[in-house]
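Quantities reported herein were computed from a predicted structural model and do not represent experimental measurements. Sequence lines set the chain letters: A, B, ... in the order given, protein chains first and strands last, and positions in each chain run from 1.
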Amino acid sequence: MGKKSDIVLIENGKRLDGRKPLEIRDTEMKVGVIPNANGSSYVRFGKTIAIAAVYGPKLLYPKHLQESDRGIIQCRYNMAPFSVDERVRPGTSRRGTEISKVIKLAFEPVLFLENYPKTGIDIYVEIIQADGSTRVTSVNAASLALANAGIPMRDLVVGLSGGKISDTIILDLDGKEDNNSEADVPVAFMPNKKEITLLQMDGQLTNEELKDIIKNVMKNGEIVYKKQIETLKKRYDE
Amino acid sequence: MGKKSDIVLIENGKRLDGRKPLEIRDTEMKVGVIPNANGSSYVRFGKTIAIAAVYGPKLLYPKHLQESDRGIIQCRYNMAPFSVDERVRPGTSRRGTEISKVIKLAFEPVLFLENYPKTGIDIYVEIIQADGSTRVTSVNAASLALANAGIPMRDLVVGLSGGKISDTIILDLDGKEDNNSEADVPVAFMPNKKEITLLQMDGQLTNEELKDIIKNVMKNGEIVYKKQIETLKKRYDE
Amino acid sequence: MGKKSDIVLIENGKRLDGRKPLEIRDTEMKVGVIPNANGSSYVRFGKTIAIAAVYGPKLLYPKHLQESDRGIIQCRYNMAPFSVDERVRPGTSRRGTEISKVIKLAFEPVLFLENYPKTGIDIYVEIIQADGSTRVTSVNAASLALANAGIPMRDLVVGLSGGKISDTIILDLDGKEDNNSEADVPVAFMPNKKEITLLQMDGQLTNEELKDIIKNVMKNGEIVYKKQIETLKKRYDE
Amino acid sequence: MRTNYIFKLLEKGERIDGRKLDEFREIKVLPNAIERAEGSSRVIMGKTDVIVGIKLEIGVPFPDMPNMGTLKTGAEFSPIAHKDFEPGPPSEDATELARVVDRGIRESDCIELEKLCITEKEKAWDVYVDVHIINHDGNLIDASSLAAVSALLNARIPKLEDKTVIRTEFTGKLPVVKKPITVTIGKIMNNFLVDPTKDEEDIFDSRLSVATIEDGKICAMQKGNKTGLKESDVEEMIKLSTKKAKELRKLL
Amino acid sequence: MRTNYIFKLLEKGERIDGRKLDEFREIKVLPNAIERAEGSSRVIMGKTDVIVGIKLEIGVPFPDMPNMGTLKTGAEFSPIAHKDFEPGPPSEDATELARVVDRGIRESDCIELEKLCITEKEKAWDVYVDVHIINHDGNLIDASSLAAVSALLNARIPKLEDKTVIRTEFTGKLPVVKKPITVTIGKIMNNFLVDPTKDEEDIFDSRLSVATIEDGKICAMQKGNKTGLKESDVEEMIKLSTKKAKELRKLL
Amino acid sequence: MRTNYIFKLLEKGERIDGRKLDEFREIKVLPNAIERAEGSSRVIMGKTDVIVGIKLEIGVPFPDMPNMGTLKTGAEFSPIAHKDFEPGPPSEDATELARVVDRGIRESDCIELEKLCITEKEKAWDVYVDVHIINHDGNLIDASSLAAVSALLNARIPKLEDKTVIRTEFTGKLPVVKKPITVTIGKIMNNFLVDPTKDEEDIFDSRLSVATIEDGKICAMQKGNKTGLKESDVEEMIKLSTKKAKELRKLL
């Protein structure tokens, strides 16, 4: 939608939480948080917290889901009942189904699925607290969990959202910005190959504005990428 | 139920839409309307529109559904959400389950199922607009779709509803008549073998009235039969 | 909960229905009531009526449920829609799922499951009328149905509930007592081996009170055991 | 083998259990089987055993019938009743059974639903008719329909205080004014059979269930099974069904 | 083999059905296809065939938008439309389709939802947009989005009497003020394709669906399929999509 | 093999991780783990990791308790937590866990539900206790029960304006007056074990979960696993559980 409300989201170049337009929230990343999983991670952007686990690759059942020449990714994105203001009823939602699909697609290009015929790699992401940008936070969590599982990847995948409020381009939208911005653009990309693997948009933007947002996301996504690398290195050093 | 309401459905021998008691509504039939299907059809009686598709015969999965000595018919009757006044919620309903079953049974006698062991023949009917007599319209649509699929049949199957209003026997009930008639008798039959393959009744009738209705349905069903034949011929001529 | 309401459930040593504290309601037991089943029973405690059927042991499908070295028990406890004041909607409930599980566990110790690899033994219990103590009534019904099915058992299983009202220990709680007692303790045990196979508790009790209740249940459970034996004998004598 | 034997006997006009073609099995109708339900009945037909319970709940009338109560019929094929019945949502056959039982009651105007309105447009009694199968040995439609009407006949309307239903006191009987009876006729090799066992049902060519009311009128019909019927078959089956319905009605 | 043939042709910049890379198939927009719906349209793109019907029902506004109607979009992949579509709850792909169609309408402010409030906080029109697939030969997103807007454009608001919806009389048209158009661009081996058939879709490297409104603004996007896109790819795909949207808009 | 090793050690009264039979693993209780929930707590017991979140929603009181709020407890075995947990509706084990956690809270009168009524018969707070398993290494019942009480203890009641819940302001703490503690005792070959790991659980003969309150009273019990228990076993297990509960209560 165009301007969604009269809430002032930016004043004197500062956003409601004091951030500059292109500033990313305080971020925390950990791996190996779920001992049972082959790989796992904890990722927090501000108050948005995602926990991801990777199980597999393992032979897929029922058999009719197997592909004879490659592995497949199965992904479930889920919000804990207590993650948002109004309790989320457990079970699948249409929003969850769509997000699960786009996250899955975000990782298809980076895995060597042809090396795992007949298998499935399960990526599970739980949003245990939500304050905007949950799908890109999930992408970062999944990227770290896959790496932590030791599954070879062509590149990591970085997720970051961009948007526009009062003619200003912003990054890493929080919940209030998500609901009231003029546009919201979640992006995931491979930082080395510079390829976009998830791209969606809600709101209204000119072609130029959109280009600008994507450019800024990919530039500042470097920060998120470094944080991922750092987190993985720290783990190896332990 | 006995007289269901005080609505006058017939006056001076004319029904609300001007039809004579035994007159069938304006009818339209086409086959081959769904390129992907093995056979398909479009059938309209007045404002009631059914689209049918046939897929198969094809090996049935899961295996436990297979019968070793014959094929089975699987049928789904479904109403589009926008087909009636109040939106229909997608998903199975008890009414839909029952109608699917009686349509399936209407075709058991005409197919050479013993020639297709372990296979299934799928008949799908979508009511995209409903104004009474949907199950018999579905029968006509399924009959044409099966013929269009080139599946050998002992006979075509003709569907037509009969009923009674103000002591008058009527045919091809529309929605208002369906809801307010004294009785409603959907019938499907094989026009050459003169065998009834679907027969249900709601309302109150004497034995004689019922006999009379069935007789009239089978007699005037000839018109529907001719229309089916014509439609199939026209297709071959194309 | 502690004292749940102000309803007086016992006065002058008599309960609302005239029973003495440790008295069991009028009880009726039959076996072989379902000709189709391998074993079956009808058990009534006051107004609580359970009908149980046993099917099996039989090869389990789908295969992934099979255990290569032993049979498994599958149990479903279900309440008929008309069994209680407010109609029960058909389908699984969380309460039903839990009760099914504890009933199943109540019989694990008495069956020689190691003798039936890859098979399943199905225990189905229908509560057709409920007035308290339904799960222990179900245990008695299942015990008789298994014996009636001729499935070897290490011991029968006896079910009986205990509880506390106004500092008095009672047995075989009816619906009103179930809802308003200070505590409710359903127990199932093997009468010869003196082993408890189902034990739950709701309410508030001291350790001593609880011990006392269990002791009384096991002592008076003898009456229920004798009734089971009698019922089975009578059947053989027929 | 059993099937072949049934066929052979039928050629001679005989049935495996010694009955005549148009003879019912022994039938017991046991009203008030479930004390706590508003109405109930158990019907035992040979080895077929069904219970129907009636519950009344407060509901909202349909917008197009603002001053009438509603009838809601369900059927559960409990897994206790047959090895092929599985727990889970109602099968196609259970759904058909519920709808056929429902139609007999509804179309006969058996219940005076207009007397079940509490407040126009807002509150009316929902009458739940729940069929529960205890043992399945054929002819579920007739047994269930009979049990349903029997249960309705002994059903009472609970007292209403404020918004609360008091189920220990009653304000009267459920207004039941008709007794629809459904009799299913099976056709096997040009024989017409009444009250089939499960073994007989499995080899039916065709079946026709007909519900009739006291005045002889037909109020519902449902054809089943896999072959077609001639007009003359239908006529004969209706005639037989109507005749046998009178016998069943006497059991109520 | 067919796949290989498609690849070979694409190397020469050709398509299997003779179209140019950026050419639509023949498109028919048939508004008012379903008389009894409040609005409807059928769109046929080559062999792809979809119907969208609009229904209006009375609902309760969301607490945070107490004076607005609501938009509810659904999509059913009817099993009539393709051998791989199965009866049952909506698949992942059907869910995505519904959400992409929804987003184009919602984000463009296509419907003036604030005009659909009946009583603040209590009653408002729910606008149901239901996509029904009749035959699937690719590009369901564009066909469905087009049909949805076309259906909304001919939708009318039924009369309201008391609490009853009178669906034979209307109080006016649904307030539709924008015409969002979605055009999906597929990428195969550095070729950008418009309006893909199912065969082409199956071998896409990547796809990008872009919804635009009259003033050229983009109001929704969705990337699909399995490979990554360079920034320059995205730019080119958006440009092509925006250009082709103008052609489609003329069909409304 | 691992199983055999566990058995061998147990014969010597030892456990695979070096603990005494009646010793807990290291336990961390982390209240307020989820800022946006009305209450929350994370409990880590060895490798077992659970989060409980509390949400308050406005609901309708039960007709038979017209002036009380309601408690609703759920448990999700998230597939992140164990390779055997699958997405989908709650399993039998998840259902049991939810019901055991619920019973401990409910039967201890932990929450003063009568203080949660807003308008008699019409509005009251529903207290949702949702257990989310992060990693499953045994003893989910004790960990979840502990996390639930810890979460309730820090839960606050949001402000209510008109019909709207304002979740950034609070009118007070949730009235929690009891601290039920559940300790599960496992029996393996006549050994009684506290706080089992998953490996130990898998070879339990039997388990008994006992919830106790401050005054030493027992408020809920649940027997699990596959063998019977002597009366004397039950007594010993209750004694041990009650004793260990005091240790856990100190962590709140």
Discussion item. Taking atom CD as the centre, does F:Glu23 end up with more than 12 heavy-atom neighbours from other residues, nucleotides or ligands that are less than 6.0 angstrom away?
Written reply: yes
Fill in: Atom NZ of A:Lys47 with >12 non-hydrogen neighbours under 6.0 angstrom
no
Worksheet item: Is the closest basic N to carboxylate O distance between A:Arg87 and F:Asp130 below 4.0 Å?
Response: yes
Discussion item. As a quick check of understanding, evaluate side chain to side chain contact (heavy atoms under 4.5 Å, CB included) for F:His132 and A:Asn78, giving each step before the final call.
Written reply: CA-CA 12 Å; F:His132 221 72; A:Asn78 185 56; 4.2 Å; yes
Worksheet item: Just wondering, do A:Ile34 and F:Ile134 contact through their side chains at under 4.5 Å, heavy atoms?
Response: yes
Worksheet entry | Value rounded to 0.5 Å, distance of CZ in F:Arg36 from CD1 in A:Ile49 | 11.0 Å
Practice prompt. Decide, yes or no, whether a salt bridge links F:Glu57 with A:Arg89 under the criterion of side-chain N to carboxylate O below 4.0 Å.
Written response: no
Practice prompt. Calculate, to the nearest 0.5 Å, the distance between atoms CD1 and CZ belonging to F:Ile80 and A:Arg76 respectively.
Written response: 9.0 Å
Response to the item:
One option among F:Lys47, F:His82, F:Glu38 has the most heavy-atom pairs under 4.5 Å with chain A, and it is F:His82
Worksheet entry | Test item: A:Asn36 side-chain N/O and F:Asn135 main-chain N/O as donor-acceptor pair under 3.5 Å | no
Fill in: Interface residues of residues 93-128 of chain A facing chain F - non-hydrogen atoms under 4.5 Å apart
A:Tyr124, A:Glu126, A:Ile128
Practice prompt. Taking the side chain as every heavy atom from C-beta outward, state whether F:Ile51 and A:Phe82 have any atom pair closer than 4.5 Å.
Written response: yes
Worksheet entry | Partner chain A: residue of F:Ala37, F:Ala81, F:Ser40 with the largest heavy-atom pair count (under 4.5 Å) | F:Ala81
Item to complete: With a 4.5 angstrom heavy-atom cut-off, could you sort out which part of A:Asp131 is near chain F: side chain, backbone, both or neither?
Response: both
Discussion item. Using a 6.0 Å cut-off, check whether atom CD of A:Glu28 has over 12 heavy atoms from anything other than its own residue.
Written reply: yes
Worksheet item: Any residues in residues 54-62 of chain A near chain F, with a heavy-atom distance under 4.5 Å, and which are they?
Response: A:Tyr55, A:Lys58
Response to the item:
For residues 146-160 of chain F against chain A, heavy atoms under 4.5 Å, the residues are none
Discussion item. Counting only heavy atoms from other residues, nucleotides and ligands, does the tally under 6.0 Å from CG of A:Asn12 exceed 12?
Written reply: no
Discussion item. I'd like to know if the side chain of F:Lys55 reaches the main chain of A:Asp85, judged simply by a donor and an acceptor atom lying under 3.5 Å from each other, with no hydrogens or angles considered.
Written reply: yes
Fill in: Residues of residues 145-162 of chain A within contact distance of chain F, non-hydrogen under 4.5 Å
none
Worksheet entry | Interface moiety of F:Glu76 toward chain A, non-hydrogen atoms closer than 4.5 Å | side chain
